[in-house]
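In what follows, chains carry the letters A, B, and so on, assigned in the order in which the sequence lines appear, proteins first and then strands, with residues in each chain numbered from 1. Not measured: the values here are computed from a predicted model. Side-chain atoms are counted along with the backbone in the values below, which use heavy atoms only and exclude waters and symmetry mates.
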Amino acid sequence: MKGFKGISHSKLHVAALLIIMPAVFIAAHLLSGCTKAQTSWMKGGELKTSAKGRSAKRTITVLMVPKIKGIDYFNACERGATEAAKELGNIKLIYEGPTEARVEAQIQLIETWILRKPDVIAVSCNDPVAISSSLKRARQAGIRVLTWDADADPKRSGREFFCNQATFQDVGYALVDEMAKQVGADAQVAIVTSSLTAPNQNEWMKWMKRRMQTKYPRMKLMTIQPSEEDQQLAYQKTQEIIRAYPNVRGIFAISSVAFPGAAQAVRDLRKSGKIAVVGLSTPNVMRPFVKDGTVKTVILWNPVDLGYLTIYAARALVDGELKLGMKKLKAGRLGEVEVRGDEIILGPPIKFTKDNIDKFHF
Amino acid sequence: MRERILIVLIVIMACLNALIERSFNPSGLLEMTRHFLEVWLLALPMTLLIISGGIDLSVGSMVGLCVVTVGVAWGWLKLNIWLAAAATVVIGILAGMLNGAAIAYFRVPPLIVTLATMAVYRGLAYGFSQAKPFSGFPSSFSILGQGYIGGIPVQLLIFITLAVLTSFVASKTVWGRYVYAIGNNEIAARFSGAPVEAIKLYLYAYSGFCAALAALILVSRTDTARADAGLGYELDVIASVLLGGASISGGEGSIIGTVLGLTLIALVRRALTLQLVRTEGQTMVIGALLIASVVIDHILRGRRER
């Protein structure tokens, strides 16, 4: 390796890499869709935003972090956020998240971003505790912190508000009410859940049981089966439930993959219309089942509105228009939304039926 | 030669980082290492494994298993946190030794063994913890992942110590020379008296030990123990080792090269994040960097040999 020859090779090597590196850089830059803020990166360590309309409110930079990028649900959130940013006109929205739903990736992203000092960081957290120390660092650096879609531990993280898409109570009640409407208040029902330890699902089930006890005391919950975020397992478990409990009239499938699995099982056993399937999932996944009548109603919230609300909340937070103790927040086309303690409530869940499902694409 | 190129690139990237931040920010750079150190630790044994002609795909899953071990031991078995940490190290070493035993004594190819245990260990992690996350670890435990000694993150000091030791063993001892010899020609190494089986066993056990250490640091840093911890680490680790000049066919590579490779990737990632390049773009750049470096290396090597 040593000697004249070796040196000339190494020079060649270095030269080649020196050419390739910037080229790759620029390519990545162009392909990944630059935002305007990129042009200002040389001007300073902080993001300097334009002084246009200084008499009005100053333009603020909002870093919005989803759990994962590139899935329909979060793309819909991004659409809503972009819409709100355009409407307000004084928001520089940077929507950036990990390509895998891993909390370490979110932590790294947020902690690097703290150096650039955006005005607001709004996160949908992959883990409520693990994310907390990063959010606290952001707060210490003078950045305002919101959570949306999935909350962080409020005490540990010091996050200021949580944009809550729908309370557990509202969703739990809506599921049971819908089932009672479809199969009657005295039907035998069963639940296909995610894993038996999934916190969201357990919280929903708590409120579902409460609704059954108080409003539909004759509705009978026969069994709760786990499907572990696995559509195939949800399919099997649903078939087992129908065989083991032949009088079951309704099945709740309360995760986004359990629902299509359960619906498919009911359809394959030719029980469409005889056994109702009610649950939570996205319109894109459930559209075929809604179209063929196996599923009458899909319950969820509108992620476009959730993204939209988050941006309005960020603006209001910086302007001092969103404070603890407030009861209402004005959020553009959503009108006045309820503020409950340190949570901003998007509103009651929405129902997708065959009449409106084609209007939603996520 | 590879080292020289990497150093040049690192200097360039450090300057770029400074340019973006408008100031040279050593504490920011030290801070940055906290996000990468779990992968960095795993890269040390991986370098030796790849030099010896082996590979360990199960490192990410071993991290998951160890993370869950500390969570379960502390959270459910109510052990003292440091006792739980010790148990975790034992589990990590055992998991690594299991890989090593299958590879060294039963002669199963490393790719197959560790591909299988990658699934097995991850499954165990989910099973033991019942997919339940643990948090709220005692504050004394946060020293590993959130503590500083003289302004330097504790985990970076751990890494530097291990890197120096590993580098010393690899380059200055008989044992280290055997590792290279096995990678170059296992049969020849065996004839010249290298304890091939024992060395393989130790290397995989070392990989398990480092996975346990990475797991403890990760739990301490995020105050959370989840069964999905370390998912996908194996790819980051192997990519860094290869960028650092190790040859996947064995016999070549060095700890210094790996450390330089790791530093380069970290700096590139940081610069790209600060410059608002999206994560998809970042992954692409790292991939391109790896391909470019290996291809150029190959071309030059071919020319030299002709």
Side-chain angles (χ1 to χ4, degrees), chain A residues 1 5-7 9-10 12-14 16-18 20-21 23-25 27-29 31-35 37-38 41-47 69-70 94 96-105 107-109 111-113 115-116 127-134 153 156 195-198 228, chain B residues 1-2 4-5 8-9 12-13 16 19-23 25 28 31-32 34-36 38 130-133 135-136 142 146 218 221-224 226 228-232 268-285 288-289 292-293 296-297 299-301 303-304:
Chain A
M1 263 213 277
K5 252 190 160 177
I7 289 170
H9 282 317
S10 88
L12 207 86
H13 201 148
V14 171
L17 271 178
L18 284 186
I20 284 168
M21 280 265 296
V24 168
F25 240 83
H29 225 122
L31 285 170
S32 62
C34 328
T35 54
Q38 275 171 317
W41 66 272
M42 290 244 244
K43 288 177 197 141
E46 290 175 31
L47 281 171
K69 286 208 305 194
I94 290 151
E96 174 65 340
T99 47
E100 294 160 80
R102 275 170 48 193
V103 69
E104 293 113 297
I107 291 173
Q108 193 187 323
L109 183 76
E111 295 202 0
T112 312
W113 260 89
L115 297 169
R116 303 279 302 219
D127 185 284
V129 178
I131 199 87
S132 292
S133 67
S134 321
D153 185 320
R156 285 173 209 250
S195 70
L196 290 174
T197 52
E228 315 290 351
Chain B
M1 188 176 80
R2 181 60 156 254
R4 262 180 280 165
I5 294 157
V8 171
L9 289 176
I12 295 171
M13 286 316 300
L16 207 56
L19 193 66
I20 293 166
E21 284 187 79
R22 264 307 262 313
S23 67
N25 181 358
E31 200 48 43
M32 160 198 84
R34 292 173 63 240
H35 306 303
F36 300 102
E38 291 90 17
Q130 290 165 29
K132 204 176 150 350
S135 61
S142 67
Q146 296 177 43
L218 182 64
R221 172 161 76 88
T222 60
D223 191 24
T224 307
R226 293 163 60 108
D228 62 355
L231 208 61
V268 170
R269 269 202 188 281
R270 183 164 188 272
L272 291 173
T273 308
L274 284 172
Q275 233 184 313
L276 314 188
V277 172
R278 290 164 173 259
T279 25
E280 307 90 282
Q282 297 189 13
T283 318
M284 227 172 60
V285 171
L289 203 62
S293 79
I296 293 171
D297 215 33
I299 294 169
L300 291 181
R301 198 180 302 245
R303 193 182 293 174
R304 211 166 36 231

- Task: Considering only heavy atoms and a distance below 4.5 Å, find which of B/Lys132, B/Gln130, B/Arg34 pairs most often with chain A.
- Result: B/Arg34
- Query: Does any heavy atom of chain A fall under 4.5 Å from the side chain of B/Glu38, the backbone, both, or neither of them?
  - Reply: neither
- Task: Begin with the C-alpha distance, continue with both residues' side-chain angles, and end with the deciding distance and a verdict on side chain to side chain contact (heavy atoms under 4.5 Å, CB included) for B/Thr222 and A/Ile107.
- Result: CA-CA 9 Å; B/Thr222 60; A/Ile107 291 173; 3.6 Å; yes
- Item | Portion of A/Ser133 that has a non-hydrogen atom of chain B nearer than 4.5 angstrom | side chain
- Message: Nearest 0.5 Å, please: how far is CD in A/Gln108 from CZ in B/Arg270?
- Response: 11.0 Å
- Query: Atom CG in A/Asp153, atom CG in B/Asp223: separation rounded to 0.5 Å?
  - Reply: 9.5 Å
- Any chance you could measure A/Arg116, atom CZ, to B/Thr273, atom OG1, to the nearest 0.5 Å? 10.5 Å
- Query: Looking at CD of A/Glu104 and OG1 of B/Thr224, how far apart are the two atoms once the value is rounded to the nearest 0.5 Å?
  - Reply: 9.5 Å
